[in-house]
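The structure appears right after this line, and notes come after that.
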Amino acid sequence: MDERYNPAEIEPKWQKRWADSGAFSVSEDKSAEKFYLLEMFPYPSGRIHMGHVRNYSIGDVLARHMRMRGKRVLHPIGWDAFGMPAENAAIERGRHPAEWTYDNIAQMREQLKKLGLSYDWSREIATCDPSYYRHEQAVFIAMLERGLAYRKHALANWCDHCATVLANEQVEDGKCWRCGNVVVQKAMAQWFLRVTQYAEELLAGLDTLAGRWPDEVREMQRNWIGKSFGAEVRFPLEAIDIPGKQPSALSGEREIAVFTTRPDTLYGVTFMSIAAEHPLALELAQGTEREAEVRAFAEKIQLEHKVKKGADAGDKRGVFTGRYCIHPLTGSKVPIWIANFVLMDYGTGAVMAVPAHDERDFEFAKAYGLPVQVVIQPAGRALAGAQLTAAYTDPGVMTNSGVFDGVPSEEGKRKVTEKLVAENKGRATTSFRLRDWLVSRQRYWGCPIPVVHCETDGIVPVPTQDLPVALPLDVTITGVGGSPLAKVDSFVNVTCPKCGRPARRETDTFDTFVESSWYYDRFTTPRHEGAPVEPNEAREWLPVDFYIGGKEHAVMHLLYARFWQRAMIDLGFLPKDTPREPFSRLLTQGMVCKEFYSRTAEDNPAHKLYFYPEETELRDDGVRVLKADGNEVFVGNVVKMSKTKRNIVDPDEIIGEYGGDTARVFMLFAAPPEGQVDWTTAGVEGAHRFLQRVWRLVRDRLPQIASVAAYKSVGELSLAAAEVRRATHRTIQRVTFDLGERYQPNTAIAALMELMNAISAFKGETADDHAVVREGIETLLVLLSPFAPHVADELFEHMGGKGTLLHHAWPKLDESALHEATVEVPVQINGKVRARITVAKDASEEVVLAAAKANERIAAELSGKTLKKAIYVAGKIVTLVIG
RNA sequence: GCCGGGAUGGCGGAAUGGCAUACGCAGGCGACUUAAAAUCGCUCGCCUUAAUCGGCAUGCGGGUUCGAGUCCCGCUCCCGGCACCA
């Protein structure tokens, strides 16, 4: 065998062998337990980056491990191939999005193959392929028919100059990223999916994932869904006479409903706040002398809401409508205000204001001199409305609340609600923060929404047999002048499927989160034609047993997928008994980070320029400068590698210099999967050195062990040889536990390094010694193969092995090898280690304690003191407490 | 502001309530070499010491325990998410 470890030679050799022999395809042995392992599929941006290397290395180690443990493993890969970057490339470089995307896929596929990832490439899918998205269109039509999909007006970022809709990330500082024009909010008819219908179930489902999904992710989803318990309370409008109007038109039967989580504070209501968009906002002031003022204010606030969506919580502004409603329990008059901070799309768009016990209401009351009425008293203090400097929002005892005085606030919530129900003035209810999912995008490179707009029949779904609605490829993409699809006459002009008259096709496309909401289903039967999945295969494989991806998808992708899966089941696209949670176990891996280099642009102080590491160099005095001009660059924090910050390391450089195995081992060893990895070249060299040492170990020992068989538990071993055997089996135990139970490749690699060190240090002489070394090295290679598959297969072959270790059984633990006759036990006195004694492993507590006391050092410490307590933790430690 | 997560040598990190600092990186010393690289061996928390002995150390302050990096209470700082959600 070669003197030197040469990954450039052995890696392509094994990649070819694996491909030729179909080593990665799914096993046909149906008796084996299934294991569906999936990593979040990549967007084909052009090149893979270190984050991908990390994500896919973690997945591959687990996939290979599971296979070797005898599981029937499904480990597929594909491409999240629709999306905006393809359109940007078209605009900037004049390349067609399809061509750009498929080129990128080809490049990235080669890069992934260089890492030796064990994907079943025969199942590869790209979501931009009509054979994929046609099924998504079918599901959408079913949703539309069941009312799960609907259309309504919503605001979108709009650039007048480019005549196009912009995504949030294309809006920089409120301006269009391309032309710098001010972005406005334009109301357009948009498509929504009724995620809120599943809000309750999506929330409850999170509990079933306890211990299997990270708590952090479950908590984020919980907050996103945002369920609040409370009451809906109805405040009737006060009757007034407006000349020319029916007295009852704005009173009596009319009312304002509010949602509150604090019905216990109902008696503290001093005014009512409604959203500027509230249907009653303008109507209330109509015909009064305040009408003009109110209208102007409401319009101004509505405009503000449109321009700065989700802007900072700040100033509280409002206007009195001049009208009142009636407090449902006290009957007193409550002034109705329009307030800028009330959201129309949460609750009822109206809020009962209790300034004494709500921070926002307090600020508003202070700004407009409205009364503050304390109705909850904390224990041991007496609050007075006029003296309050901040709202009191904690629990307390109800006061100034009629029959409820003295009732604790928590109990009061229930009691007040009961009274409202009894008097038919309100009801107990819940409210969700979760909004329906806006899925339409006014973009070209996406899945067409399969409906037709007909003047006679309105919205008509495309008949299933006419699917797919294929995205036309003969378009020119300019980035201005609206949706490119709208300009393709052959696409737009259709006949109505219902009445046969001329109609227009929908030109919006889906949000790309739609494709990623069900790709894991499709992987079970990627070539099935009649439906999204073939039910028997779906039943066989679903759910995904182990899902690995970045934390950045904690809410959106993972929530949408959980929704879509339930919809697929309920609509009959998946068998009824399909588990409703699509991902049984989730591992969120940390980011790969590196410092970045930047400067402020000379022509625009708001614009930052970023430089690739190779454009800079470190001067002798430690200052980093730009090679081009020799001047200093700003050295930024260690942040996530990204194209925009240009702080990327191309995996091909690492693979080219050190090989794919090294890239994998470095990424896996650097940190536990959840942690962040800061890139250092030093770490890469360390990983490479480890593989080189393994290579040399095999090379050096091969002459001695080539013709012996691995040790088989016969014969007396020397102490040193028994030690090596113990190390071997201890390593089997550790690596199996680290991969199978803890999913921690980093500590497993540390264990392998220790085993290698132990074998290297052992110079065997007898036949038994060689047999033990052989067993150790074979075990090392088998255990190493999930991490560094090429070099492990190559070395195993030199040892006389056949085929790939991926099909080799995982090593079996020999408990007897772990056995030790004696153990060294530390002896503590009052918590400090004062001596170490060697005792028989199974010695009784009495014997060990006697031995400890007999120890010279311990005896000296004990003399003249009273022994208060003596504890022996078997095999671990002796603790003596003296006074 | 609210909700999560974290803090261990020069660095990345390890440690079912039981010997803190495994494994690796960087550093120091040595061997091999004409020399260097590579490789191999030794060393490597801090203070004290000639060396031992000893003392101090897991962000800070308390507590539970024979025993706490780990469990509990109160802080500080860092990271992430949400952000007028009634």
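Per chain, numbering begins at 1; letters A, B, ... match sequence-line order. When reading the values below, keep in mind they use all heavy atoms of this one structure, side chains included, and skip hydrogens, waters and symmetry mates.
The pairing partner recorded for B:C82 is B:G1, the criterion being a Watson-Crick or G-U wobble arrangement whose two distances lie under 3.5 angstrom. Look at B:C77: its Watson-Crick or wobble partner, with both distances under 3.5 angstrom, is B:G6. Across every strand in view, B:C40 sits in a pair with B:G30 that passes the Watson-Crick or G-U test at under 3.5 angstrom. Base-pair partner of B:U58: not found among the strands shown (Watson-Crick or G-U wobble, both distances under 3.5 Å). B:G18 is paired with B:C66 under the criterion used here, namely a Watson-Crick or G-U wobble arrangement in which both key atom distances are under 3.5 Å.
The phosphate of B:U16 (OP1 or OP2) has no side-chain N or O of A:R734 nearer than 4.0 angstrom. For B:C66, the OP1/OP2 oxygens have a side-chain nitrogen or oxygen of A:K869 closer than 4.0 Å. Taking side-chain N and O atoms only, A:R218 has no distance below 4.0 Å to OP1 or OP2 of B:G4. Between B:C40 and A:R693, a contact under 4.0 Å exists linking OP1 or OP2 to a side-chain N or O. Between A:R689 and B:C40, a side-chain N or O to OP1/OP2 separation shorter than 4.0 Å is absent.
Side-chain contact between A:V375 and A:H357 is present, with heavy atoms from C-beta onward closer than 4.5 Å. Residues A:V694 and A:L781 are in side-chain contact: their nearest non-hydrogen atoms beyond the backbone lie under 4.5 Å apart.
When all heavy atoms are compared, the tightest approach of A:G590 to A:R54 is O-NH1, 2.8 Å. Shortest non-hydrogen contact noted between A:V665 and A:F787 is CG2-O, 4.2 Å.
Atoms CZ and CD1, from A:R857 and A:I837 in turn, are 14.0 Å apart once rounded to the nearest 0.5 Å.
Within 3.5 Å, a donor on the side chain of A:T879 pairs with an acceptor on the base of B:G18, or the reverse. Within 3.5 Å, no donor on the side chain of A:R222 pairs with an acceptor on the base of B:C3, nor the reverse. For A:K868 against B:C66, a side-chain-to-base donor-acceptor contact under 3.5 Å is absent.
Classification of the A:H553-A:H557 ring pair by plane angle, with boundaries at 30° and 60°, yields perpendicular.
Of the candidates B:C66, B:U39, B:G24, B:C66 carries the atom nearest the A:I871 side chain, counting heavy atoms from C-beta on. Of the candidate nucleotides B:C23, B:U39, B:C19, B:U39 has the atom nearest to the side chain of A:R696. When the nucleotides B:G54, B:C82, B:G12 are ranked by their closest atom to the side chain of A:F669, B:G12 comes out on top. Proximity note for A:R836 (side chain, C-beta onward) versus B:C40, B:U16, B:C19: the nearest is B:C19. In this structure, the nucleotide among B:G13, B:U16, B:C19 sitting nearest to the side chain of A:V833 is B:C19. Taking every side-chain heavy atom of A:I877 into account, B:C19 is the closest of B:C23, B:C19, B:G13.
Taking 90° from 0 as the syn/anti boundary, the base of B:G62 is oriented anti.
Among the atoms of the strands shown, base atoms are found under 4.0 Å from some heavy atom of A:V873. Across all strands, A:N223 comes closer than 4.0 Å only to sugar-phosphate atoms, never to a base (heavy-atom distances). Residue contacts for A:S431: at a heavy-atom cut-off of 4.0 Å it reaches no nucleic acid atom on any strand shown.
For A:Q676 and B:G12, the CD to P distance is 10 Å, given to the nearest whole Å. Whole-Å rounding puts the A:Q744 CD to B:A15 C1' distance at 11 Å. Note: CD (A:E219) to P (B:G5) measures 8 Å, nearest angstrom. The CD atom of A:Q692 sits 11 Å away from the P atom of B:A38 (whole-angstrom rounding).
Of the residues near RNA chain B, A:V555 and A:L343, the one whose nearest nucleotide (by heavy atom distance) lies more toward the 5' end is A:V555. Judged by closest nucleotide on RNA chain B, A:E824 is the one of A:R834 and A:E824 placed further toward the 5' end.
For the side-chain contact (heavy atoms from CB on, under 4.5 Å) with A:L668, the lone residue among A:I58, A:V53, A:V677 that qualifies is A:I58.
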